[in-house]
Amino acid sequence: MSELVFFSGTMDCGKSTLALQIGHNRAARGLEGVIFTRDDRAGEGRLSSRLGLVTDAVEVEEGMDLYAYLVAHLSRGGRADYVIVDEAQFLAPGQIDQLARVVDDLDLDVFAFGITTDFRTRLFPGSQRLIELADRIEALQVEALCWCGARATHNARTVDGAMVVEGAQVVVGDVRQTTAEVGYEVLCRRHHLRRMTSATARAGALSPDVLPVAPTPQDATG
Ligand SMILES: Nc1ncnc2c1ncn2[C@@H]1O[C@H](COP(=O)(O)OP(=O)(O)O)[C@@H](O)[C@H]1O
Ligand SMILES: Cc1cn([C@H]2C[C@H](O)[C@@H](COP(=O)(O)O)O2)c(=O)[nH]c1=O
């Protein structure tokens, strides 16, 4: 039975790497996949991992029918033994329905990879639909870590290191981005809710307000 599988996790937890590995292992056994992506940091029509690996992919445009694309591809004599979709959070809910149809009507496995929630902890519409329709949801084994050492569960958007909670849902960007104004940082829920990024935590630790201060004679006398 073919399956629609949603591999989800925070940013920087290895989703694209796993997508490339799944493709690589199947290619090694002579299988051919169709790889879709949308708005990868490496540019249009690319699926890239921070480990340096990159492959060509079909860029999913707004309004594109993924089921129709695959039917046309197969009718032209193209091969598709399975389908990979990276940055699946950026797909429209209707495109996720089309992927479910690819599984059910074309009998192809679809492996979708994406983050579930945005910088405001709200579900991306594409991820919500995947959660609703997927046969299986897989959490990645290599967890990203918050600056405090706890498992990172949420994605924060930062401007000059400070967490922001206003702005468009989609802004392509990266973690550990020191030069660009907008960046991202993965945090545990506790620090996401407190809006404490590594930079603000560092600044707080260095602030004279929180440094232990030796008591002065006035303290003793009141
Ligand atoms: N220099 C490095 N050495 C070893 N592993 C690295 C290095 N840089 C990145 N990684 C690994 O790559 C992961 C990010 O992979 P990637 O597929 O780009 O993530 P995602 O698609 O989930 O955002 C990191 O969690 C880390 O495990
Ligand atoms: C949290 C959040 C992220 N994004 C963007 C930033 C990146 O371009 C991708 C995630 O890529 P990754 O391979 O999982 O690291 O999503 C966004 O547009 N809006 C957000 O709220």
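When a ligand or atom number is given, it counts from 1 through the structure's own listing order.
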Among Val60, Leu20, Asp39, Asp40, the one residue meeting side chain to side chain contact (heavy atoms under 4.5 Å, CB included) with Asp86: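 Exactly one option meets the side chain to side chain contact (heavy atoms under 4.5 Å, CB included) with Asp86, and it is Asp40.
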Within less than 4.0 angstrom of ligand 1, does Gly14 place any heavy atom?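 It does; at least one heavy atom falls under 4.0 Å.
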Close approach of Ala144 to ligand 1, heavy atoms, under 4.0 angstrom: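 The answer is no: ligand 1 sits nowhere under 4.0 Å from a heavy atom of Ala144.
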Side chains of Thr17 and Ser49, donor plus acceptor under 3.5 Å: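 Their side chains do contain a donor-acceptor pair, which is all the 3.5 Å distance test asks for.
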Kindly determine whether Phe113 and Phe6 satisfy ring pair (Phe, Tyr, Trp, His ring centres under 6.0 Å), including the steps that lead there. CA-CA 6 Å; Phe113 300 82; Phe6 182 30; 8.8 Å; no
Is a side-chain N or O of Arg120 found less than 3.5 angstrom from the main chain of Val165, in a donor-acceptor match?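 Pair found, side chain donor or acceptor close to backbone of Val165.
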Judged by atom type as modelled, is there a donor-acceptor pair below 3.5 Å linking the side chain of Trp147 to the main-chain atoms of His191?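 Absent.
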Once you round to the nearest 0.5 Å, how far does CZ of Arg38 lie from CD of Gln89?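 Going from CZ on Arg38 over to CD on Gln89, the span is 10.5 Å.
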Can you tell me how far apart CZ (Arg46) and CD (Glu87) are? Round to the nearest 0.5 Å.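 With rounding to 0.5 Å, CZ (Arg46) is 14.0 Å from CD (Glu87).
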Side-chain donor/acceptor pairs under 3.5 Å, residues 7-14, sequence neighbours excluded:
| unit_1 | atom_1 | unit_2 | atom_2 | d |
| --- | --- | --- | --- | --- |
| Asp12 | OD2 | Arg176 | NH1 | 3.4 |
| Asp12 | OD2 | Arg176 | NH2 | 2.9 |

Purely on distance, is any nitrogen or oxygen of [X] under 3.5 Å from one on ligand 1?
{"X": "Ser16", "result": "yes"}
{"X": "Val142", "result": "no"}
{"X": "Arg41", "result": "no"}

Using a 6.0 Å cut-off, check whether atom CZ of Arg189 has over 12 heavy atoms from anything other than its own residue.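 Result for CZ/Arg189: open.
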Atoms in ligand 1 with a heavy atom of Ser49 nearer than 4.0 Å: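 Those atoms are 17 (O), 18 (O).
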Interfacing atoms of ligand 1 (cut-off 4.0 Å, heavy-atom, Thr17):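 Answer, ordered by atom number: 15 (O), 16 (P), 17 (O).
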Is Asp174 salt-bridged to Arg50, cutoff N-O under 4.0 Å?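 Result for this pair is yes, salt bridge flagged.
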Could you go through residues 133-140 and list every donor-acceptor pair under 3.5 Å that involves a side-chain atom there, pairing it with any protein atom two or more places apart or in another chain?
| unit_1 | atom_1 | unit_2 | atom_2 | d |
| --- | --- | --- | --- | --- |
| Asp135 | OD2 | Leu4 | N | 2.7 |
| Arg136 | NE | Glu3 | OE1 | 3.2 |
| Arg136 | NE | Glu3 | OE2 | 3.2 |
| Arg136 | NH1 | Glu138 | OE2 | 2.5 |
| Arg136 | NH2 | Glu3 | OE1 | 2.9 |

What side-chain donor-acceptor pairs closer than 3.5 Å can you find for residues 93-102, not counting sequence neighbours?
| unit_1 | atom_1 | unit_2 | atom_2 | d |
| --- | --- | --- | --- | --- |
| Gln95 | OE1 | Ala92 | N | 3.0 |
| Gln95 | NE2 | Glu61 | O | 3.2 |
| Gln95 | NE2 | Met64 | O | 2.9 |
| Asp97 | OD1 | Arg129 | NE | 2.7 |
| Asp97 | OD2 | Arg129 | NH2 | 3.1 |
| Gln98 | OE1 | Leu66 | N | 2.8 |
| Arg101 | NE | Asp105 | OD2 | 3.0 |

Best match, Arg50, Gln21, Glu87: closest heavy atom to atom 9 (C) of ligand 1: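 Considering heavy atoms of Arg50, Gln21, Glu87, the nearest to atom 9 (C) of ligand 1 sits in Arg50.
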So between Leu51, Ile115, Asp40, Asp174, whose heavy atom ends up nearest atom 3 (N) of ligand 1?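 It is Leu51 that holds the nearest heavy atom.
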Look up atom 24 (C) of ligand 1 and tell me if a protein heavy atom lies less than 4.0 Å from it?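 So far as the 4.0 Å threshold goes, atom 24 (C) of ligand 1 is in reach of a protein heavy atom.
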Looking at atom 19 (O) of ligand 1, tell me if a protein heavy atom falls under 4.0 Å from it.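 When distances to the protein are checked, atom 19 (O) of ligand 1 has a heavy atom within 4.0 Å.
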Which heavy atom of the protein is the closest neighbour of atom 14 (C) of ligand 1, given with residue, atom name and distance?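 Heavy-atom neighbour on the protein nearest atom 14 (C) of ligand 1: Asp12 OD1, 3.2 Å.
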List, ordered by chain and residue number, the protein residues whose closest non-hydrogen atom lies under 4.0 Å from any atom of ligand 2.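 Around ligand 2, where the cutoff is 4.0 Å for heavy atoms, the contacting residues are Met11, Asp12, Lys15, Arg41, Arg50, Glu87, Gln89, Phe90, Ile115, Asp118, Phe119, Phe124, Asn155, Arg157, Gln169, Val170, Val171, Val172, Gly173, Tyr184.
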